[in-house]
Amino acid sequence: MFKVEGTSIYMHRGDTGELTITATGYAFESSDRALFTVKDGAGTEIMKEYYEMTDNAFTVTFGNPDTDYLPAGNYSWDVRYIINPEYDEHGEIVDGTGVTTPGSPYLLQLLNTVGQV
């Protein structure tokens, strides 16, 4: 199961799905980026991915290995938009001329499974 209700994501551990997020209020350039992050209750980063936006939107794909090893429970996620990002030597964004977080934290609830893939 992969279900999105508003800003909440519900899924079984290891299930697959896609979430398309559309930004409003600004016309993003091809060089701008969206940062999608998921953290557990202790603040440990579970997922972190930069996305190029097309028509102010990007799609997050959840694959089996993204969550199949995690315990069931509640996780937090958010999106941050970076205008004219600056990168370090490892390709990580460290700054930008504009950084905005439209809201957060949002809920990602992982449900338990009996079988393991």
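Residue numbers count from 1 along this sequence.
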Check: So Ile46 and Leu70, side chain to side chain contact (heavy atoms under 4.5 Å, CB included) or not? Walk me through it.
Finding: CA-CA 9 Å; Ile46 303 302; Leu70 296 171; 3.4 Å; yes
Check: What residues join Tyr10 in its hydrophobic cluster, counting side-chain heavy atom gaps under 4.5 Å, either direct or through other members?
Finding: Met1, Leu107, Leu111
Item checked: Qualifying residue for side-chain contact (heavy atoms from CB on, under 4.5 Å) with Tyr106, from Val79, Thr7, Ile9 -> Thr7
Notebook entry, point to check: Checking side chain to side chain contact (heavy atoms under 4.5 Å, CB included) for the pair Phe62/Met47: CA distance, chi angles, key distance, verdict?
Noted result: CA-CA 10 Å; Phe62 287 84; Met47 292 176 70; 3.5 Å; yes
Notebook entry, point to check: Can you name the side-chain contact (heavy atoms from CB on, under 4.5 Å) partners of Ser76, sequence neighbours left out?
Noted result: Pro105
Check: Closest heavy-atom contact between Phe2 and Thr16?
Finding: CB-O, 3.6 Å
Note to self: Running the 4.5 Å side-chain criterion over Ile, Leu, Val, Met, Phe, Trp and Tyr, what cluster does Val94 land in, apart from itself?
What the structure shows: none
Checklist line | Side-chain donor/acceptor of Asn56 to backbone N/O of Tyr26, under 3.5 Å | finding: yes
Margin query: Once rounded to the nearest 0.5 Å, what's the spacing between atom OG1 of Thr113 and atom CG of Asp15?
Written below: 8.0 Å
Margin query: So, using side-chain contact (heavy atoms from CB on, under 4.5 Å) as the criterion, who are the partners of Thr100 when residues are at least two apart?
Written below: Tyr81
Next item on the list: Provide the closest heavy-atom pair for Val117 versus Asn64 in the form atom of the first, atom of the second, distance.
Entry: O-OD1, 3.5 Å
Next item on the list: Using the side-chain hydrogen bond (donor to acceptor under 3.5 Å, both in side chains) rule, collect all pairs that involve residues 36-54, keeping only residues at least two apart or in two chains.
Entry: Lys48-Glu92, Tyr50-Glu92
Item checked: Any donor-acceptor N or O pair under 3.5 Å, side chains Arg13, Thr67 -> no
Next item on the list: May I ask you to test the Glu18-Val60 pair for a side-chain heavy-atom distance under 4.5 Å?
Entry: no
Note to self: Restricting to non-hydrogen atoms, name the atom on Ser104 and the atom on Trp77 that form the minimum distance, rounded to 0.1 Å.
What the structure shows: CB-O, 4.5 Å
Notebook entry, point to check: So does Glu86 have more than 12 non-hydrogen atoms from other groups sitting under 6.0 Å from CD?
Noted result: yes
Next item on the list: Only counting residues at least two apart or in another chain, list the ones meeting side-chain contact (heavy atoms from CB on, under 4.5 Å) with Asn84.
Entry: Ser31, Asp32, Thr97
Note to self: Restricting to non-hydrogen atoms, name the atom on Leu19 and the atom on Val4 that form the minimum distance, rounded to 0.1 Å.
What the structure shows: CD1-CG2, 3.9 Å
Check: For the atom pair CG (Leu35) and CG (Asp78), what is the distance rounded to the nearest 0.5 Å?
Finding: 7.0 Å
Notebook entry, point to check: Rounded to the nearest 0.5 Å, how far apart are CZ of Arg33 and CE of Met53?
Noted result: 8.0 Å
Notebook entry, point to check: Short question: side chain of Asp88, backbone of His90 - any donor-acceptor pair under 3.5 Å?
Noted result: yes
Notebook entry, point to check: Do Phe36 and Ile21 have side chains that get closer than 4.5 Å, going by heavy atoms?
Noted result: yes
Checklist line | Ile83-Val99 co-clustered via ILVMFWY side chain contacts under 4.5 Å | finding: no
